[in-house]
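Along the sequence shown, residues are numbered consecutively beginning with 1.
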Amino acid sequence: MGIFAIRLPDVGEGVAEAELVELHVAVGDQVREDDVLAAVMTDKATVEIPSSVSGKVTWIGGQIGETVAVGSDLIRLEVAGPGNMDDAPVETDEAFVPPKQETPSPNPEPAQEAAPTPEPSPAAPPPKQQPPLRPAGERPLAVPSVRKRAREEGFDLSQIKGTGGAGQITHADLEAFMSGVAATSTGGGGPDLSVTEIKVAGLRRKIAERMSAANSQAPHITIVEEVDVSTLEELRAQLNREATDKEAKLTVLPFLMGAIVRAVRDQPALNANYDAEAGLIRQYGAVHIGIATQVDAGLMVPVIRHTETLGLRQAARELSRVAQAARDGTATREELTGSTITITSLGKLGAIATTPILNLPEVAIIGVNRIAMRPVWNGTEFTPRQMMNLSCSFDHRVIDGWDAAVFVQRLKTLLETPAMIFIEG
């Protein structure tokens, strides 16, 4: 028997450490070669760590939310053959110590007589122990189908006891929990005094850190402008009617992407990154547009690179592709970095106006709010028009209010007369 250490590999150029965001095994579990043991996150890319051998988990080098150095031991396995730790003795986690076994002596001392102990009745087995809930903040173990069902039904898996291996939550556990909630939800009952503690880790912690940095480092200026998108919506509907089944359906965003490309030609200072430590502004000819995308774990910003080279339908296809890659976790590091300006949209849930937070080190972000039919005065009467507000924030350290207003007005003009997006000169 030997001990084989699964070490954290180099997960990216220049990366010295990563955050442990998922654990798929517990001490005592048997794993096979290629089984996924854990997942770590660096920047905004999540990497799964598979096992290179088969064996029994004896030690885990951290808890969810902790930082692990590249090259350090992440998980140790007891294997049948030689390990890779110079025949180190088997280590076990303090939380997993097998019960001590009594070994009978070859020459036992005579024992004092005692009253015979009655044999337990086979008809009355000991009560089955219910597994405890996992520690607060630890991600519950469940297969994707269980997670999806719980999410759709609006239940928190951290509140459900798992009866599967290593405390894994099964469909039966979820159904039992749902049945219990349904049975008690219609009654009066007493006040709910429960408190759930959720550890901020993984992508959520990265988002919190970036939002705090953006809000504290960059003084924001936000401009909200009303845009009449009636003509754009008519054009979009017509193009979608003429589209083939294989062509991506057009939303407002590809038109906005085209408008941004046109607008930054006249104002390249808006398509830039600001390095405050170096006191340097980098203006880019290429327009790499970040698309704020909601995923299960939080918010990610996949990037559509060289938008200035894409046509309307090409932009729509690329938008759909990178957003889906972010949601299913297949986006590459290159697809999650390098944006020069960002679009954020809540779609149909969008409000009248929002105050977007900059995606540092960018200097501008364009927020799209929902489209609504509103009465608009045309000089002689009120007419129904499809209206949408743009909420745009800028880094006021390097972007003056006048320049920001000119940029927003340019976007407004292009979106209200969408033919101008496609006409050169």
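Separating the CD1 atom in I341 from the CD1 atom in I343 is a distance of 8.0 Å, to the nearest 0.5 Å. Summarising the geometry, atom CD1 belonging to I49 is positioned 13.5 Å from atom CZ belonging to R7; distances are rounded to the nearest 0.5 Å. In this structure, H220 NE2 and I399 CD1 are separated by 12.5 Å, a value rounded to the nearest 0.5 Å. Interatomic distance, CG of L270 versus CD1 of I365, reported as 13.0 Å (0.5 Å rounding). Within the model, atoms CG of L20 and CG of L74 stand 6.0 Å from one another, a figure rounded to the nearest 0.5 Å. In this structure, CD on Q314 lies 13.5 Å from CG on L319, to the nearest 0.5 angstrom.
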Acceptor/donor pairs from residues 274-284 side chains to any protein atom, 3.5 angstrom cut, sequence neighbours excluded:
| residue | atom | partner | partner atom | Å |
| --- | --- | --- | --- | --- |
| D275 | OD1 | E277 | N | 3.3 |
| D275 | OD1 | A278 | N | 3.2 |

Enumerate donor-acceptor pairs with a distance under 3.5 Å from any side-chain N or O in residues 411-423 to protein atoms, sequence neighbours excluded.
| residue | atom | partner | partner atom | Å |
| --- | --- | --- | --- | --- |
| K412 | NZ | E226 | O | 2.6 |
| K412 | NZ | E416 | OE2 | 2.9 |
| T413 | OG1 | Q409 | O | 3.0 |
| E416 | OE2 | D228 | N | 2.9 |
| T417 | OG1 | T413 | O | 2.6 |

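Look at R149 and E175 and you find a salt bridge, because one of the NZ, NE, NH1 or NH2 atoms lies within 4.0 Å of a carboxylate O, short of that distance.
Under the 4.5 Å side-chain criterion, counting only non-hydrogen atoms from C-beta, K56 is not in contact with D29. No side-chain heavy atom of E19 sits less than 4.5 Å from a side-chain heavy atom of V68. For the pair L336/V301, no side-chain contact is recorded, criterion being any heavy-atom separation below 4.5 Å from C-beta on. At a threshold of 4.5 Å between non-hydrogen side-chain atoms, the residues C392 and P356 do not count as touching. Put simply, the side chain of V303 does not reach to within 4.5 Å of the side chain of I291, judged on heavy atoms. Annotation: side chain of E78 is in contact with side chain of T58 (closest heavy-atom distance under 4.5 Å). Residues I366 and F407 have side chains in contact (heavy-atom distance under 4.5 Å, counting atoms from C-beta outward). Counting heavy atoms from C-beta on, the side chains of L77 and I75 come closer than 4.5 Å.
Checked by atom type and distance alone, the side chain of N271 pairs as donor or acceptor with a backbone atom of A286 at under 3.5 Å. A donor-acceptor pair under 3.5 Å is formed between the side chain of T337 and the backbone N or O of R333. At distances below 3.5 Å, at least one donor-acceptor pair connects side-chain atoms of D395 with backbone N or O atoms of R397. The closest donor-acceptor contact from the side chain of E22 to the backbone of A38 lies at 3.5 Å or more, if one exists at all. For the pair N389 (side chain) and N369 (backbone), a donor-acceptor distance under 3.5 Å is absent.
Partners of R321 according to the salt bridge (charged side-chain N to carboxylate O under 4.0 Å, His left out) rule, which considers only residues two or more places apart in sequence or in another chain, are E318, E335. For the salt bridge (charged side-chain N to carboxylate O under 4.0 Å, His left out) test, residues two or more places apart in sequence or in another chain that qualify with D266 are R410. Every residue meeting the side-chain contact (heavy atoms from CB on, under 4.5 Å) condition with D35, not counting sequence neighbours, appears here in chain and number order: V31, R32. Remark: D328 engages T330 in a side chain to side chain donor-acceptor pair (under 3.5 Å) (not counting sequence neighbours). Partners of E66 by salt bridge (charged side-chain N to carboxylate O under 4.0 Å, His left out), not counting sequence neighbours: none found. Scored by the side chain to side chain donor-acceptor pair (under 3.5 Å) test, R305 finds no partners at all (sequence neighbours excluded). Applying the side-chain contact (heavy atoms from CB on, under 4.5 Å) criterion to T170, with sequence neighbours excluded, gives T163, A172, D173. Annotation: side-chain contact (heavy atoms from CB on, under 4.5 Å) contacts of A150 (sequence neighbours excluded): L157, L174. Every residue two or more places apart in sequence or in another chain that forms a ring pair (Phe, Tyr, Trp, His ring centres under 6.0 Å) with H306 is listed here: H288. For I221, the side-chain contact (heavy atoms from CB on, under 4.5 Å) test picks out F394, H396, with sequence neighbours left out.
A pairwise comparison of heavy atoms in T293 and A323 identifies CG2-O, 4.0 Å as the closest pair. Between I6 and S52 the shortest heavy-atom distance is CD1-OG, 3.7 Å. Here the closest heavy-atom approach between residue V224 and residue A353 is recorded as CG1-CB, 4.0 Å. The two residues V57 and A26 have their closest heavy-atom pair at CB-O, 3.5 Å. For the residue pair T342 and A292, the shortest heavy atom distance occurs at CG2-N, 4.4 Å. Closest approach of S345 to L253, counting heavy atoms only: CB-CD2, 4.4 Å.
Side chains of S339 and E362: a donor-acceptor N/O pair is present below 3.5 angstrom, by distance only.
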(request) Apply side-chain hydrogen bond (donor to acceptor under 3.5 Å, both in side chains) to the pair T340 and N273, showing each step before the final yes or no. (result) CA-CA 6 Å; T340 58; N273 288 174; over 6 Å; no
(message) The test is side chain to side chain contact (heavy atoms under 4.5 Å, CB included); show your working for V264 and V287 and say whether it passes.
(response) CA-CA 8 Å; V264 298; V287 185; 3.9 Å; yes
(request) Just do the side chain to side chain contact (heavy atoms under 4.5 Å, CB included) check on I3 and N84 with the steps written out, would you? (result) CA-CA 7 Å; I3 297 298; N84 63 351; 5.8 Å; no
(message) side chain to side chain contact (heavy atoms under 4.5 Å, CB included), that's the test. Do Q217 and L360 meet it? Break it down for me.
(response) CA-CA 9 Å; Q217 295 176 16; L360 292 183; 3.8 Å; yes
(message) Assess the residue pair T222 and T355 against the criterion (side-chain hydrogen bond (donor to acceptor under 3.5 Å, both in side chains)); give the C-alpha distance rounded to whole Å, side-chain angles, the decisive distance to 0.1 Å, and a yes or no.
(response) CA-CA 7 Å; T222 300; T355 54; 5.9 Å; no
(request) Kindly determine whether V406 and Q267 satisfy side chain to side chain contact (heavy atoms under 4.5 Å, CB included), including the steps that lead there. (result) CA-CA 9 Å; V406 169; Q267 289 181 278; 3.7 Å; yes
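Atom CD of E334 sits in a sparse spot, with 12 or fewer heavy atoms from other residues, nucleotides or ligands closer than 6.0 Å. In Q63, the CD atom is not crowded: 12 or fewer heavy atoms of neighbouring residues, nucleotides or ligands sit closer than 6.0 Å.
Between F255 and the options V229, I260, L250, a side chain to side chain contact (heavy atoms under 4.5 Å, CB included) holds for only L250. Paired with Q238 under the rule side-chain hydrogen bond (donor to acceptor under 3.5 Å, both in side chains), one option of R236, E242, E234 passes, and it is E242.
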